[in-house]
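Remarks on the structure that follows.
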Amino acid sequence: MTAILSRPIPQIKAVPESTEPSAFPAGPGVRTTVADAISDAFARWDRSHLSVFTLADGRVVTDEETGAEMATSAFGPLVVPVDMAKAKVTRLLVPGDELQFTFDLGDNWTHRCVVGDEKIDPIEVLGIRPDSPLPYWGRGEIPDQYGRGWADDDGESRAPIAPTQPHPMRLDAWPPPDKVPALDLDEVRRTIAAADATGFLTAVAGREVDDVLHDVAQGLAMALEQRRKDAEPIALSVINRLTWRGAADDRALADDLVARLRRGPRQSE
């Protein structure tokens, strides 16, 4: 039992916008408990707002309803939602990973989160093994117990120089374009030719598709026949993108996808 209780667990550091960070052991689940721990760390009392975690590869972890809505967006890479109620930190993240947490999708309180490079022993650090993520370290204006202004403030050294470039999250540029998986158009076309709906959906999920909407629309016609439940959110997103762009043949393709969605699933599904 002692070995189980002292098993190392991940830790996450969260920084809201340009202010100071807090850290907490994350345990195995993302779920609402990690979101709650971040709000606990920053003394946030009104929790009646939606929240979203955005991973560096573009996947979003949020509640099922919000994820379904985000998956139909007409902008950015095709969103791959992960149900927050089922997500696990240890399955989605590894030490050193960076992710964004957004609290209140109206005011968009953005937090840069980093998974610690090393796991911690909760018995050694906290004296207990918590049942859920628990803030255990922080600094800044809550206020800091020892009056520190930065992580290594010893009362004598000078404050660190501010970064010359703002973090991508402060520029509404998360995930960074170089982190989004590249679309393999040859693979997309191969899966369409092979009528491989599973391969096609895997090839386009999380990718930028605005330059190849006609190819993707062609594949969706096939995917809606074989994997309708998985293909519908992508189809809605592509319809919105085609309608927004309004280039030649875009309206016809959008209308065709709308018609396929209205037909409903085949009787055999």
Is there a donor-acceptor contact under 3.5 Å from the side chain of [X] to the main chain of [Y]?
{"X": "D57", "Y": "R59", "answer": "yes"}
{"X": "W174", "Y": "T54", "answer": "yes"}
{"X": "E225", "Y": "A197", "answer": "no"}
{"X": "R207", "Y": "A205", "answer": "yes"}
{"X": "R189", "Y": "D184", "answer": "no"}
{"X": "T62", "Y": "S51", "answer": "yes"}
{"X": "D63", "Y": "L50", "answer": "no"}
{"X": "S237", "Y": "S73", "answer": "yes"}

With clusters defined by side-chain heavy atoms of hydrophobic residues (ILVMFWY) lying less than 4.5 Å apart, directly or transitively, does [Y] cluster with [X]?
{"X": "L78", "Y": "V180", "value": "no"}
{"X": "L55", "Y": "M70", "value": "no"}
{"X": "V82", "Y": "V34", "value": "yes"}
{"X": "V80", "Y": "V61", "value": "no"}
{"X": "L220", "Y": "L185", "value": "yes"}

Which atoms form the tightest heavy-atom contact between [X] and [Y], and what is the distance?
{"X": "L126", "Y": "Y136", "answer": "CD2-CB, 3.2 Å"}
{"X": "Q218", "Y": "I192", "answer": "NE2-CG2, 3.8 Å"}
{"X": "I239", "Y": "A254", "answer": "CG1-O, 4.1 Å"}
{"X": "F101", "Y": "C113", "answer": "CB-SG, 3.9 Å"}
{"X": "V204", "Y": "V209", "answer": "O-CG1, 4.3 Å"}
{"X": "A203", "Y": "V188", "answer": "CB-CG2, 4.0 Å"}

Start with the C-alpha distance between F75 and D210, add both sets of side-chain angles, then the distance that settles side chain to side chain contact (heavy atoms under 4.5 Å, CB included), and finish with yes or no. CA-CA 8 Å; F75 306 100; D210 288 344; over 6 Å; no

Residues, nucleotides or ligands: over 12 heavy atoms within 6.0 Å of [X] [atom1]:
{"X": "R251", "atom1": "CZ", "answer": "no"}
{"X": "D172", "atom1": "CG", "answer": "no"}
{"X": "D46", "atom1": "CG", "answer": "yes"}

Distance (rounded to the nearest 0.5 Å) between [X] [atom1] and [Y] [atom2]:
{"X": "R129", "Y": "D121", "atom1": "CZ", "atom2": "CG", "value": "8.5 Å"}
{"X": "T110", "Y": "R170", "atom1": "OG1", "atom2": "CZ", "value": "9.0 Å"}
{"X": "R241", "Y": "T72", "atom1": "CZ", "atom2": "OG1", "value": "9.5 Å"}
{"X": "L183", "Y": "E208", "atom1": "CG", "atom2": "CD", "value": "9.5 Å"}
{"X": "D36", "Y": "L134", "atom1": "CG", "atom2": "CG", "value": "12.0 Å"}
{"X": "F200", "Y": "I234", "atom1": "CZ", "atom2": "CD1", "value": "7.0 Å"}

Any pair with a residue in residues 92-103 that passes side chain to side chain donor-acceptor pair (under 3.5 Å), sequence neighbours left out, goes on the list, sorted by first then second residue, please.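 Listed by first then second residue: E98-R112, E98-H167, Q100-T102.
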
Thinking salt bridges, do D40 and R47 make one under a 4.0 Å N-O criterion?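 Counted as a salt bridge, because a side-chain N and a carboxylate O are separated by less than 4.0 Å.
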
With the side chain counted from C-beta on, respond yes when I38 and W109 share a heavy-atom pair under 4.5 Å apart, and no when they do not.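 I38 vs W109: side chains apart.
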
For H214, all residues meeting side-chain contact (heavy atoms from CB on, under 4.5 Å), sequence neighbours excluded: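 By the side-chain contact (heavy atoms from CB on, under 4.5 Å) rule, H214 matches L242, R245, D249, D250, L253.
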
Please assess D256 against R260 for the test salt bridge (charged side-chain N to carboxylate O under 4.0 Å, His left out), listing each intermediate value before the final yes or no. CA-CA 6 Å; D256 178 69; R260 291 176 184 275; 2.9 Å; yes

Check step by step if side chain to side chain contact (heavy atoms under 4.5 Å, CB included) holds for L261 and L236. CA-CA 9 Å; L261 288 174; L236 288 169; 3.8 Å; yes

Evaluate the criterion side chain to side chain contact (heavy atoms under 4.5 Å, CB included) for residue pair V238 and L213; output intermediate values, then yes/no. CA-CA 7 Å; V238 169; L213 287 176; 4.2 Å; yes

For H49 and L105, run side chain to side chain contact (heavy atoms under 4.5 Å, CB included): C-alpha distance rounded to whole Å, both residues' side-chain angles, the deciding distance at 0.1 Å, then the answer. CA-CA 7 Å; H49 299 283; L105 303 190; over 6 Å; no

